[in-house]
Amino acid sequence: MKFKNIFSIILLTGILLSAQVKADDITEAKLYYNKGIDFYKIGQYDRSMEAFRKAIDLDPEYIDAYYNLGSILEYLGQDEAALTVFKQIIVRKPTDYDAVYKAAEISNKLGQVDKAKSFLAIIPSGSYVNPKAQELANKLNTDLQTIKHEQNITEQPSQPQTNGVYENIPSPTGITSDNEGNLFVAGFSDNVIFKITPEGKRIIFLKDKRLNGPIGLAKDTYGNMYIANYNDDNILKVSSSGQVSILLEGVLKPYSVYISNETLFISSQGTNTVIRYKL
């Protein structure tokens, strides 16, 4: 059993410490990324993937690390795992059409034709990967226009091609994601947590009487979610099995939550502090 402890760190602003932690993690992530490249060049794929995973743990938005990890997994024939990684890219950067194409290609290899088509439908006609996408569509005995029509996607030539925008989310605040590439968004005014799949489907993930002004969201490596419950001055925990509990009480106006090295950082606007809690 792990011992839990909690203490406040007084700062000039409630954001300074978490920002510094993030900056340090990004720098270290780049070092691991470079190690991953070096190991790949000499054929040490396991060590290369380990380094890329460490870079991602430190910087969950490191798109290049995801892409390289997914490419190695695919090269080694681990297609399911590779697809999961490319989905992670799509949820973070929906306009990365290289990743969208890879997700379509791998889905087809896995015999998931409908999934492959749903990814191909995302790729706009003017994209640089369009020729490859059209070639894959031909292998599916169809074409991109037919796929887009089947998926009810209409391109607007005079407007940006989606720009990766998820629409009609009331009062969106905090954002986090899971290892399957799903995006989670807090809806402050409706007291709800939405889940958006890599294909863009939106569903309600959590609607609970204990949610009262959710803002910051974070997920740990075990699939647990932590919510800054602003109006109730507490931190909620949603376990990987969906059970909701109050993790911390008396956190005045919690805003941002961030996890690093199994430590939860919470910015408290009500006290101008950042709280550190060992998970």
Side-chain angles (χ1 to χ4, degrees), residues 36 40 45-46 48-49 52-53 55-56 60-155 160-167 175-185 194-203 205 219 221 223 240:
Y40 174 77
Y45 301 125
D46 286 341
S48 178
M49 289 191 294
F52 288 134
R53 287 191 176 102
I56 291 168
E61 306 304 317
Y62 209 148
I63 299 299
D64 288 348
Y66 283 104
Y67 200 94
N68 289 347
L69 174 60
S71 296
I72 295 174
L73 287 167
E74 183 187 16
Y75 175 75
L76 296 177
Q78 300 179 37
D79 291 331
E80 289 278 5
L83 179 57
T84 296
V85 173
F86 285 114
K87 285 181 178 180
Q88 287 278 1
I89 297 175
I90 297 169
V91 79
R92 288 168 169 79
K93 188 179 179 184
T95 54
D96 190 322
Y97 298 121
D98 279 318
V100 174
Y101 171 76
K102 292 301 297 182
E105 185 180 46
I106 295 173
S107 294
N108 183 49
K109 287 168 59 178
L110 292 169
Q112 301 171 5
V113 176
D114 288 342
K115 283 281 189 180
K117 289 182 177 180
S118 69
F119 285 119
L120 287 176
I122 299 173
I123 300 174
S125 58
S127 169
Y128 54 91
V129 300
N130 190 71
K132 292 192 299 183
Q134 184 62 64
E135 184 177 343
L136 179 56
N138 293 339
K139 292 179 180 178
L140 301 176
N141 298 316
T142 185
D143 56 65
L144 287 182
Q145 282 303 113
T146 301
I147 289 175
K148 290 178 185 294
H149 178 73
E150 292 174 348
Q151 299 287 327
N152 294 318
I153 294 179
T154 303
E155 294 193 36
Q161 300 294 336
T162 73
N163 267 347
V165 175
Y166 300 115
E167 299 179 335
I175 299 174
T176 190
S177 62
D178 63 15
N179 291 330
E180 297 300 318
N182 298 300
L183 188 72
F184 298 87
V185 183
F194 294 101
K195 175 181 176 181
I196 303 174
T197 69
E199 296 79 29
K201 182 180 179 181
R202 187 187 69 184
I203 58 177
F205 171 74
K219 263 185 169 279
T221 56
S240 57

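All values derive from a computational prediction rather than experimental measurement.
- When the side-chain hydrogen bond (donor to acceptor under 3.5 Å, both in side chains) test is applied to T197, the partners found at least two apart in sequence or on another chain are E199.
- To the nearest 0.5 Å, the span separating CD1 on I122 from CG on L144 amounts to 12.0 Å.
- Contact record, A103 with L83: O-CD1, 3.6 Å, taken as the closest heavy-atom pair.
- Taking all atoms of both residues into account, the shortest heavy-atom contact from I147 to A121 is CG2-CB, 3.9 Å.
- We find the CG-CD distance between L136 and E105 to be 6.5 Å, quoted to the nearest 0.5 Å.
- A82 and I106 make their closest contact through CB-CD1, 3.9 Å (heavy atoms, listed as atom of the first residue, atom of the second, distance).
- The salt bridge (charged side-chain N to carboxylate O under 4.0 Å, His left out) analysis of residues 65-84, with sequence neighbours excluded, yields the pairs E74-K102, E74-K109, D79-K109.
- Residues A116 and S107 come closest through the heavy atom pair N-CB, 3.7 Å.
- T176 is linked by a side chain to side chain contact (heavy atoms under 4.5 Å, CB included) to F184, L217, K219, M225, counting only residues two or more places apart in sequence or in another chain.
- A distance of 11.0 Å separates CG of D98 from CD1 of I90, quoted to the nearest 0.5 Å.
- If you take CG on L183 and NZ on K87, they are separated by 14.0 Å, rounding to the nearest 0.5 Å.
- Considering CD of Q88 and CD of E61, their distance stands at 9.5 Å, rounded to 0.5 Å.
- Applying the side-chain hydrogen bond (donor to acceptor under 3.5 Å, both in side chains) test to N182 and every residue at least two apart in sequence or in another chain returns D178.
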Original post:
Does the side-chain contact (heavy atoms from CB on, under 4.5 Å) test come out yes or no for L120 and L140, once each step is laid out?
Top reply: CA-CA 11 Å; L120 287 176; L140 301 176; 4.0 Å; yes
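- For S177, the side-chain hydrogen bond (donor to acceptor under 3.5 Å, both in side chains) partners at least two apart in sequence or on another chain are R92.
- When every heavy atom of G70 is checked against every heavy atom of V85, the shortest pair comes out as N-CG1, 3.7 Å.
- Sorted by first and then second residue, the ring-ring contact (aromatic ring centres under 6.0 Å, His included) pairs with a member in residues 60-96 read Y33-Y62, Y45-Y75, Y67-F86; sequence neighbours excluded.
- Of all non-hydrogen atoms in P198 and G181, the two that sit nearest each other are CG-O, 3.4 Å.
- In this structure Q134 satisfies the side-chain hydrogen bond (donor to acceptor under 3.5 Å, both in side chains) test together with N138, sequence neighbours excluded.
- Screening residues 99-143 for ring-ring contact (aromatic ring centres under 6.0 Å, His included) gives no qualifying pairs among residues at least two apart or on separate chains.
- Sorted by first then second residue, the salt bridge (charged side-chain N to carboxylate O under 4.0 Å, His left out) pairs that include residues 135-144, not counting sequence neighbours, number zero.
- The number of heavy-atom neighbours closer than 6.0 Å to NZ of K132, taken from other residues, nucleotides and ligands shown, is above 12.
- Rounding to the nearest 0.5 angstrom, the gap separating the CD1 atom in I63 from the CD1 atom in I56 is 9.0 Å.
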